[in-house]
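Throughout, numbering of the chain's residues begins at 1 and tracks the sequence.
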Amino acid sequence: MSTYLAADFGGGSGRIMAGTLTEGKLKLEEVYRFANRQIKLGNCVYWDFLSLFEEMKNGLRVAARKGYEVKSMAIDTWGVDFGLIDKDGKLLGNPVCYRDSRTDGIPERVFKQIDQTVHYAETGIQVMPINTLFQLYSMKQNDDVQLRGADKLLFMPD
């Protein structure tokens with residue numbers, strides 16, 4: 001029986017879920033659950049990315065031991081957060097958590113430069129300070145060393 005795995009990362013915990021289709025019905029099983037804590041270092045709140053990645057791998061090992069015939073896997077995380085990758089493919093630093101305050105007041109600054117209505121018409125994205133645009137703008141305004149060294153941006157599920 002084919003199984004579909006999902007790594008589901010939430011603000012306080014994460015889990016590996018297994019889904020199987022049997023006679024047209026979806027059956028879900030929680031395979032593995034783990035804590036997700038944010039880390040405050042200086043004035044910044046980060047995801048503990050390395051721990052989350054390791055816990056995801058632990059959950060996948062549990063699923064393998066249970067003998068699932070895995071057809072595919074998906075990852076569900078925070079849509080606004082990202083890691084910056086250098087030209088050699090290395091992660092430049094721990095991804096910042098959307099709960100960080102670096103974007104406080106940033107939307108107002110951005111919309112002094114671009115039209116908010118046009119922004120929404122182009123993106124369809126609700127304006128929230130946590131949005132990626134505002135995180136990147138904050139980094140640019142603060143001449144963030146990671147942004148200067150970045151070659152690629154990968155969103156958390158990537």
Evaluation steps, side chain to side chain contact (heavy atoms under 4.5 Å, CB included), between Ile85 and Leu91 | CA-CA 5 Å; Ile85 310 298; Leu91 182 65; 3.9 Å; yes
Check whether [X] reaches the backbone of [Y] with its side chain - one donor and one acceptor, N or O, closer than 3.5 Å.
X: Gln38; Y: Gly11; result: yes
X: Asn142; Y: Ser138; result: yes
X: Asn36; Y: Gly12; result: no
X: Asp144; Y: Gln146; result: yes
X: Thr132; Y: Val80; result: yes
X: Ser2; Y: Lys71; result: no
X: Asp115; Y: Thr117; result: yes
X: Gln135; Y: Ile130; result: yes

Could you tell me which non-hydrogen atom of [X] sits nearest to which non-hydrogen atom of [Y], and how far apart they are?
X: Ala63; Y: Leu5; answer: CB-CD1, 3.9 Å
X: Glu30; Y: Met17; answer: CA-SD, 3.5 Å
X: Leu147; Y: Lys140; answer: CD2-N, 3.6 Å

Using the side-chain contact (heavy atoms from CB on, under 4.5 Å) rule, pick out the option among Tyr46, Phe49, Phe9, Tyr98 that qualifies with Asp81.
->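 It is Tyr98; the other options fail the test.
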Begin from the C-alpha positions of Leu21 and Lys25 and carry the test side chain to side chain contact (heavy atoms under 4.5 Å, CB included) through to its verdict.
-> CA-CA 5 Å; Leu21 284 173; Lys25 293 186 180 181; over 6 Å; no
